[in-house]
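Chain A is the first sequence line, chain B the second, and so forth, proteins listed ahead of strands; every chain is numbered from 1. Only a predicted model underlies this, so the values are computations on that prediction, with no experimental measurement involved.
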Protein chains: 2
Amino acid sequence: MTTIYDIAKAAGVTATTVSNVLSGKGSVGAATKARVLKYVQELDYQPNLIARSLIKGRTGVIGLVVGDMNNPFYAETTAAVERLAYTAGLRVFTTTFSGEDQVGQKLLEDLILRQVDGILVTSGSWSEQQTIRSVSAMQLPIVYCFWEGTQPTSLLSIALDFKQGGFLAGQHLLSLGHRRVGVITCFDSEGNDAHGIRVAGLQTALSQHGLLLDSTLLLNGQSSMEGGKVAAYKLLTHPDPPTAIFATTDAMAIGAMTAAWELGLQIPRDLSVVGLDDISLAKYVVPSLTTITIDRVAVLSHAIKLLLDSIDGQQVTSPPPFSVSLVIRGSTGRCP
Amino acid sequence: MTTIYDIAKAAGVTATTVSNVLSGKGSVGAATKARVLKYVQELDYQPNLIARSLIKGRTGVIGLVVGDMNNPFYAETTAAVERLAYTAGLRVFTTTFSGEDQVGQKLLEDLILRQVDGILVTSGSWSEQQTIRSVSAMQLPIVYCFWEGTQPTSLLSIALDFKQGGFLAGQHLLSLGHRRVGVITCFDSEGNDAHGIRVAGLQTALSQHGLLLDSTLLLNGQSSMEGGKVAAYKLLTHPDPPTAIFATTDAMAIGAMTAAWELGLQIPRDLSVVGLDDISLAKYVVPSLTTITIDRVAVLSHAIKLLLDSIDGQQVTSPPPFSVSLVIRGSTGRCP
DNA sequence: ATGAAAGCGCTAACAA
DNA sequence: TTGTTAGCGCTTTCAT
């Protein structure tokens, strides 16, 4: 590896001068500059970002904590974050909570040891929040995305109006004549209902029609296609089965569709299904999935801006919840 | 941030001693050791990995270059790499080629500037290979995964027997009585057929039955659900349409299924579809997708081992291609 | 068993 | 315009 010293020696100048040429700071004579640049070329000099980070106290890297990369929602989110951060001149060090919280804790600490300038968390579930809170004792800027809670938090966070999401889903189903709605939600590793406010939104819609959510129709599973499938099996073999299912994530909704199909039910003729996330796949499943969509780019852009400002030492505050909207596709129809 | 100096001062010793305690090297008196450790606790000391990297010339981080994070295959692969690397004591810096090769080149170089110890590439398409070859002039260990080529390469790579994959798909369709098979493959940004050998495998199967692939039934699109959908539309509105479609990736296969459905065709009654990748989604689409499966953990474990050995300066060679196998699910049936 | 000194590659004061 | 000096936080000889 060539260092600035190598090219300094070659060009007959000092390391400082080379540094100045490279950074454009200070003032360097045209001739010297040309000579330095020549050797930079010739010796194929590449700056050592590690050394630069050490002295600057900044790495230009943000850490990204992702819930579950196998869930398309997070994978797509990760891609978006990377792209947005890139245009903001930042690189992203991605880390996934591989289910086990201990590992998550470890990875998060490791992120800090590697001197990331800030951390972005794209996951709203509670147990992870605990982990993060404990770590955010370090005064490293940290922004919490897709925040699921309702109560205000001391953490910098971007919330989504998931309650409205559940409400819109409910309204839509009710307008199609459905009165018996099953719900598939998910609990996190600590047993807390990770998507409580999504369900609450649905309940609000139901109660506006004088209906109550049948508690035997409220199931929880893993937030995955498999989890949705398992839960849907139970719902659909219920003595008094629902005519519609609201799953709090698209992944679970898709699993529910698979279950329905295996049980010989046709969607949307015999059963309507609504998801939440609008993963890219939602358009391609058969029939396409009615769901609640989130303007992810808007959310993530804001999150990154917040993080950047926070890194720059500015005083920043969490914005009000972003609203979500309903996308009607093929998986919902009139109540049979 | 507390440094070793802070705790050295507190404990009344030298930075060297602290370092020794922390690393377990050298020899330190029991009393001193305890005292140092006490202050490590008290002052909540966290080592600065950047500084350590600078001096050691190693970061303990490998770079991962991913083709397209929106493609579940790569997302799932990324999760697996991260997990496997973690158990090997490595962290992963993930970078995605966001379509544009210039950005890819930039990100790759950046990975190098950040002093990753090695690079893992999980993408077999040719244009990226060019980029990587140009960069691998640096003698940084680099392992190329899911290598698509047939000819031997100077790069360290793990190849898959994609030809066999195409062959198995073809054999399966032929055994079901299909004689007219459409193919959806994809070209990379430079116009090369990225999946040529997958198609070649299919052709081999056909020719064993005295059949030739109708070139008007060989289409290419983007390797995404949308790409598959577009291509399938063309195939299915062909004057003499195929009774079966082989898509060289699951994402495209799923898009093809969507197209079929929109055209009122029922799978597998009217049309059989075979994919390749066995993404987790393949089990959950309706009907579930018959596809070619890859033992990803085996491949990636081997890749990481190769990379590690290479980093350790060992002489390593590329293994023979990993074989793949057919998974028969619901999307294929007898020729109508 | 402990410490002094040097240095990884780079940048930032401050002088000259 | 250029050079000198010092130091980011840590490890590693080599002395003591």
Side-chain angles (χ1 to χ4, degrees), chain A residues 1-40 43-61 109-117 138 140, chain B residues 1-40 43-61 109-117 138 140:
Chain A
M1 274 285 85
T2 23
T3 72
I4 49 170
Y5 284 101
D6 296 323
I7 87 159
K9 196 190 296 175
V13 292
T14 286
T16 310
T17 306
V18 177
S19 178
N20 282 335
V21 170
L22 260 28
S23 65
K25 289 179 184 167
S27 39
V28 194
T32 330
K33 184 171 175 178
R35 200 148 29 89
V36 166
L37 253 22
K38 193 187 98 190
Y39 286 108
V40 164
L43 302 179
D44 189 31
Y45 168 77
Q46 311 272 98
N48 183 330
L49 260 38
I50 293 284
R52 197 174 282 175
S53 297
L54 182 59
I55 191 172
K56 291 234 178 191
R58 281 230 196 156
T59 52
V61 175
E109 280 170 3
D110 193 74
L111 232 38
I112 294 167
L113 301 188
R114 293 196 188 280
Q115 311 293 115
V116 292
D117 295 340
M138 346 266 338
L140 191 67
Chain B
M1 273 287 83
T2 20
T3 73
I4 49 169
Y5 284 101
D6 296 324
I7 88 159
K9 196 191 296 174
V13 291
T14 286
T16 312
T17 306
V18 177
S19 177
N20 281 336
V21 170
L22 260 27
S23 65
K25 288 178 185 166
S27 41
V28 194
T32 329
K33 184 169 174 180
R35 200 148 28 90
V36 166
L37 254 21
K38 191 187 99 192
Y39 286 106
V40 163
L43 302 179
D44 189 31
Y45 168 77
Q46 311 273 100
N48 183 329
L49 261 37
I50 294 283
R52 196 174 284 174
S53 296
L54 181 60
I55 191 172
K56 291 234 179 190
R58 280 231 195 155
T59 53
V61 175
E109 281 170 2
D110 193 74
L111 231 38
I112 294 168
L113 301 188
R114 293 197 187 279
Q115 312 292 114
V116 293
D117 295 339
M138 346 267 337
L140 191 67

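Considering only residues two or more places apart in sequence or on other chains, B:Ala51 meets the side chain to side chain contact (heavy atoms under 4.5 Å, CB included) condition with A:Leu54, B:Asn48. Residues passing the side-chain hydrogen bond (donor to acceptor under 3.5 Å, both in side chains) test with A:Glu109, sequence neighbours excluded: A:Gln105. Shown here are the side chain to side chain contact (heavy atoms under 4.5 Å, CB included) partners of B:Ile55, two or more places apart in sequence or in another chain: there are none. Taking A:Asp110 as the reference, A:Arg114, B:Arg91 meet the salt bridge (charged side-chain N to carboxylate O under 4.0 Å, His left out) condition, with sequence neighbours excluded. The side chain to side chain contact (heavy atoms under 4.5 Å, CB included) check on B:Ser19 picks up nothing, with sequence neighbours excluded.
Of the possible polar contacts, none joining the A:Thr14 side chain to the A:Thr16 backbone as a donor-acceptor pair under 3.5 Å is found.
Atoms CD1 and NZ, from B:Ile7 and B:Lys38 in turn, are 11.5 Å apart once rounded to the nearest 0.5 Å. Note that the CG atom of A:Leu140 and the CE atom of B:Met1 stand 9.0 Å from one another [nearest 0.5 Å]. The CG atom of B:Leu49 lies 11.5 Å from the CD1 atom of A:Ile112; values are rounded to the nearest 0.5 Å. From A:Ile50, atom CD1 reaches atom OG1 of A:Thr59 across 9.0 Å, with rounding to the nearest 0.5 Å. The distance from the OG atom of A:Ser53 to the CG atom of B:Leu113 is 10.5 Å, given to the nearest 0.5 Å.
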* Step by step, would you call A:Leu22 with A:Tyr45 a side-chain contact (heavy atoms from CB on, under 4.5 Å)? -> CA-CA 11 Å; A:Leu22 260 28; A:Tyr45 168 77; 3.4 Å; yes

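For residues 20-33 of chain A, no pair satisfies side-chain hydrogen bond (donor to acceptor under 3.5 Å, both in side chains), with sequence neighbours left out. Residue pairs meeting the salt bridge (charged side-chain N to carboxylate O under 4.0 Å, His left out) criterion with at least one member in residues 43-60 of chain B, sequence neighbours excluded, are B:Arg58-B:Asp312.
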Polar-atom pairs under 3.5 Å, protein N or O versus N or O of nucleotides 14-16 of chain D: list them with distances, or write none.
none

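Chain A approaches DNA chain C over the interval C:dG9 to C:dA13, counting the first and last nucleotide 5' to 3' with an atom under 4.0 Å from its heavy atoms.
Overall, the helix from C:dA1-D:dT16 to C:dA16-D:dT1 carries an axis bend of 40° between its ends, with five pairs at each end and the value rounded to 10°.
In this structure, B:Asp6 and B:Thr3 have side chains that are in contact, with non-hydrogen atoms separated by less than 4.5 Å.
Proximity of residues 5-30 of chain A to DNA chain C (heavy atom under 4.0 angstrom from any strand atom) is restricted to A:Tyr5, A:Thr16, A:Ser19, A:Lys25. Residues from residues 45-60 of chain B lying near DNA chain C, meaning a heavy-atom separation below 4.0 Å, are B:Leu54, B:Ile55 in numerical order.
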